[in-house]
A.B. asks: 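What follows is a structure written as structure tokens; I'll ask about it next.
Below, read A as the first sequence line, B as the second, and so on, with proteins coming before strands; counting in each chain starts at 1.
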Amino acid sequence: MPAEPPSGPLLEVRNLRTGFRTRRGLLQAVDGVAFAIARAETVAIVGESGSGKSVTAMSILRLFGRTDRAAIEGAILLHGRDGGIRDLVTLPEPELRDVRGREIAVIFQDPSASLNPVFPIGEQIAEAIRRHRPQEAAHAARAAVELLRDVGIADPERRVAAYPHQLSGGMRQRVMIAIALACQPRLLIADEPTTALDVTIQAQIMRLLADLKAARGMGLLFITHDLALVGEIADRVVVMYAGQVVETGATDAVLAAPRHPYTRALLECRPERHYRDGAEDERLLRPIAGQPPRPTEVAAGCRFAPRCPLAEAACRAGPVDLHLLHGDRQSRCRRWDAMA
Amino acid sequence: MTALIEVAGLAKHFPLPRRGFGPRGAVRAVDGVSFRVAPGEVLGLVGESGSGKSTVGRLALRLLDPTAGRVRFDGQDITTASLRALRPLRRSMQMVFQDPYASLNPRRSVGEAIGEVLRLHGIGTRSERRDRAGALLAKVGLSAADLGRMPREFSGGQRQRIAIARALAVEPRFLVADEPVSALDVSVQAGILALLRGLQAELSLAMLFISHDLSVVEVMADRVMVLYLGRVMEVGPTRTMFTAPRHPYTAGLLAAAPRLDRGAAPAVVLRDEIPSPADPPSGCVFRTRCPFALADCAATVPEPRTVGPDHQMACIRDDVTF
Ligand SMILES: Nc1ncnc2c1ncn2[C@@H]1O[C@H](COP(=O)(O)OP(=O)(O)OP(=O)(O)O)[C@@H](O)[C@H]1O
Ligand SMILES: Nc1ncnc2c1ncn2[C@@H]1O[C@H](COP(=O)(O)OP(=O)(O)OP(=O)(O)O)[C@@H](O)[C@H]1O
Ligand code: SF4
Ligand code: SF4
Ligand SMILES: [Mg+2]
Ligand SMILES: [Mg+2]
């Protein structure tokens with residue numbers, strides 16, 4: 001395997017538009033999303049339910065079924081180890097299948113849905129190894145044990161024989177990670193991998209992902225609705241709202257001083273309590289008023305305007321573009337400088 | 001303060017299906033749990049999945065019969081009361097569940113759902129019930145105009161508001177809220193929590209607030225109780241529990257919660273997973289994951305002991321601090 005250059009682009013998503021042809025017309029779930037992931041970098045996508053995070057992730061590998069009637073436009077450029085560039089939007093299916101196996105792997109929130117209930121887990125990992133690394137087929141069973149060890153499963157020699165239902169949710173997610181790693185991906189996409197887990201197990205999986213990423217020099221696209229997790233793992237963050245990117249930049253900078261009212265609202269809606277001596281404690285409960293627009297009824301102007309405390313008439317007049325603030329910091333808010 | 005709810009030595013063991021000829025095992029879901037909730041007080045209940053939180057909530061309302069122990073409501077023992085004697089008390093004790101989709105009948109309008117609860121308790125005439133349902137909807141941030149609408153027409157957060165309105169319709173004095181915001185988006189959680197907290201204070205409700213989300217429990221609770229494998233590890237005032245926990249498990253839970261302002265490395269890192277409650281460790285049930293365990297921890301079950309004002313914990317060590 002050629003050595004990976006230590007830096008440079010890995011994946012570039014440009015003006016991604018993914019829609020679904022439904023009976024009631026085209027549902028534009030993702031509408032002009034752009035971001036890039038450098039080699040060995042972790043990028044997080046964060047946003048409310050329905051903002052288009054999963055559709056973005058699924059678009060990268062075209063994981064939709066025929067009945068989804070998905071239409072993907074734009075460009076998704078994968079930079080190869082050898083420097084070659086392929087556009088995953090137009091790549092023929094057989095070649096894309098190769099990418100799915102060898103370059104990019106995905107793990108989802110619900111590992112049960114992806115594991116086969118009738119095969120022992122070791123067999124499922126070995127199968128992934130045989131499929132993606134045929135040259136190692138002879139040692140697949142042993143490699144499966146090693147992968148289980150890598151993902152922190154104790155007593156892996158015995159555990160390879162276990163069936164998915166014999167494992168806890170956290171263990172099943174570890175097995176999914178092991179299967180994803182079997183192809184030695186250059187990019188791992190993790191779509192809310194810890195949402196169904198206890199905080200203690202979540203913390204373990206987060207540590208595991210960070211360690212594996214560092215050890216293998218993988219890129220990581222981490223999808224979550226929890227900004228605190230973003231802060232723990234990501235180098236850069238992409239905030240999505242109603243199918244669009246509304247803010248992006250270095251994680252620390254965005255969390256410390258958001259430049260889009262939606263990002264700030266997401267930070268502030270986390271419950272907080274400030275203890276006071278000799279007085280009533282301050283309990284901060286600040287929901288984001290209203291709801292995101294349905295994909296079928298987005299307004300012409302800023303999509304966040306109906307919920308935005310800074311909105312003014314001009315915000316509703318026409319589309320608001322992403323403003324480049326400095327470096328790679330961007331905000332889709334006309335009034336970003338009023339937020340300092 | 002006199003307690004509205006007083007629970008002593010509560011246990012619930014679910015029998016396991018018999019295997020072979022051996023003795024029949026049991027899941028020790030709850031084991032020796034005692035606590036009190038005063039009128040107008042919120043007791044938060046936290047612990048990992050399977051620690052017994054929901055079982056405690058259901059036992060406290062006697063939706064389940066305990067294997068051992070007692071629950072007193074307003075001085076009356078409800079563990080031995082007949083179902084008939086319980087009926088007038090039922091009205092005083094209500095529950096809100098995690099899943100706002102499952103807890104509302106999809107074929108009943110919102111007005112019917114609330115009216116039904118009132119009718120069951122023999123409250124008001126038909127038109128009085130309707131007025132009352134409208135007023136309740138207004139209280140939870142919806143409106144009387146929503147009475148005729150069906151549950152599917154509402155978002156998850158709105159459905160949870162309806163479930164809260166229904167629980168409060170009969171003017172309970174004690175409410176068990178079991179993960180009431182866990183199924184909701186973060187952006188709407190705060191609204192539901194503010195609503196619950198406001199109503200709780202206004203109506204002077206006693207509340208058992210169950211959640212696996214520590215930041216949610218921190219804002220809601222006056223006191224916090226930590227469960228592990230069906231046993232109470234620590235209980236104390238919210239501020240004490242979050243700023244100066246004494247039990248290693250509490251410290252581990254706090255360290256695991258993701259937070260934006262993470263500073264130094266966590267004091268306690270919890271490894272592995274909660275063992276099966278069908279076969280809990282001897283002595284201190286937490287010892288298999290405890291970084292501070294000593295040989296003695298396997299021998300005896302630590303008794304809860306008082307370590308500060310209103311603050312108890314069940315650990316034999318007092319030489320560790322976090
Ligand atoms: N196969 C599909 N057919 C039609 N609409 C879809 C399909 N998949 C997703 N959508 C719609 O696209 C929008 C974005 O969905 P997506 O799953 O990307 O949201 P998300 O940000 O991942 O939310 P969550 O946090 O709930 O996972 C939603 O309105 C959703 O209903
Ligand atoms: N009806 C039942 N029959 C058998 N076992 C049960 C029953 N109800 C609960 N249990 C078991 O009792 C233990 C405690 O369950 P409980 O639902 O109270 O936990 P919990 O703390 O509420 O967990 P979660 O966070 O997942 O809701 C678990 O091991 C569970 O499997
Ligand atoms: S453009 Fe206007 S409405 Fe949109 S986020 Fe900025 S201030 Fe709010
Ligand atoms: S009693 Fe022992 S095992 Fe249990 S929490 Fe204390 S030190 Fe840890
Ligand atoms: Mg999703
Ligand atoms: Mg529960």
A.B. asks: Applying side-chain contact (heavy atoms from CB on, under 4.5 Å), run through Leu260(B) and Leu267(A) and close with a yes or a no.
C.D. replies: CA-CA 9 Å; Leu260(B) 288 165; Leu267(A) 281 165; 3.5 Å; yes
A.B. asks: For chain B, which residues from residues 243-254 of chain A have at least one heavy atom closer than 4.5 Å to it?
C.D. replies: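 So far as heavy atoms go, nothing in residues 243-254 of chain A approaches chain B to under 4.5 Å.
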A.B. asks: Salt-bridge test for Arg283(A) and Asp222(B): reply yes if a basic N is under 4.0 Å from a carboxylate O, no otherwise.
C.D. replies: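 Judged by the 4.0 Å cut-off on N to carboxylate O distance, Arg283(A) and Asp222(B) do form a salt bridge.
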A.B. asks: Can you tell whether the side chains of Arg239(B) and Asp277(A) come within less than 4.0 Å, N to carboxylate O?
C.D. replies: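 The answer is yes: the pair qualifies as a salt bridge.
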A.B. asks: Could you have a look at Gly252(B), Gly157(B), Gly50(B), Ala221(B) and say which one has the most heavy-atom pairs with chain A under 4.5 angstrom?
C.D. replies: Ala221(B)
A.B. asks: Looking at Val269(B), Ile192(B), Asp272(B), which makes the most heavy-atom pairs under 4.5 Å with chain A?
C.D. replies: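 Highest number of heavy-atom pairs under 4.5 Å: Asp272(B).
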A.B. asks: Only heavy atoms, only distances under 4.5 angstrom. Which residues in residues 175-189 of chain B are near chain A?
C.D. replies: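 Near chain A, by residue number: Asp185(B), Val186(B), Ser187(B).
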A.B. asks: What part of Glu272(A) is in contact with chain B, defined as an atom under 4.5 angstrom from a non-hydrogen atom: side chain, backbone, both or neither?
C.D. replies: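 Backbone only.
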A.B. asks: Quick one: pull up CD in Glu48(B) and CG in Leu197(A) and give me the separation to the nearest 0.5 Å.
C.D. replies: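 Reported value, rounded in 0.5 Å steps: 11.0 Å.
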A.B. asks: So which heavy atom on Gly191(B) is nearest to which on Pro287(A), and how close?
C.D. replies: N-CB, 3.4 Å
A.B. asks: With chain B as the partner chain, list the residues of residues 198-205 of chain A whose heavy atoms fall under 4.5 Å from it, by residue number, and write 'none' if nothing qualifies.
C.D. replies: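 If one takes a 4.5 Å heavy-atom cut-off, the residues of residues 198-205 of chain A near chain B are Asp198(A), Val199(A), Thr200(A), Ile201(A), Gln202(A), Ala203(A), Gln204(A).
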A.B. asks: Can you name the closest pair of heavy atoms from Ser155(B) and Gln291(A) and give their distance?
C.D. replies: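 Shortest heavy-atom separation between Ser155(B) and Gln291(A) comes out as OG-NE2, 3.7 Å.
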A.B. asks: Would you mind checking which part of Arg276(A) comes under 4.5 Å of any heavy atom in chain B, side chain (CB onward), backbone (N, CA, C, O), both or neither?
C.D. replies: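 Backbone only.
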A.B. asks: Of the non-hydrogen atoms in Ser215(B) and Pro271(A), which two are nearest, and what is the gap between them?
C.D. replies: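 Nearest heavy atoms, Ser215(B) then Pro271(A): O-CB, 3.9 Å.
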A.B. asks: Let me know if Asp213(B) has heavy atoms under 4.5 Å from chain A in its side chain, its backbone, both or neither.
C.D. replies: neither
A.B. asks: Could you name the residues of residues 154-172 of chain A that have a heavy atom within less than 4.5 Å of a heavy atom in chain B?
C.D. replies: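 So the qualifying residues are Ser168(A), Gly170(A), Met171(A).
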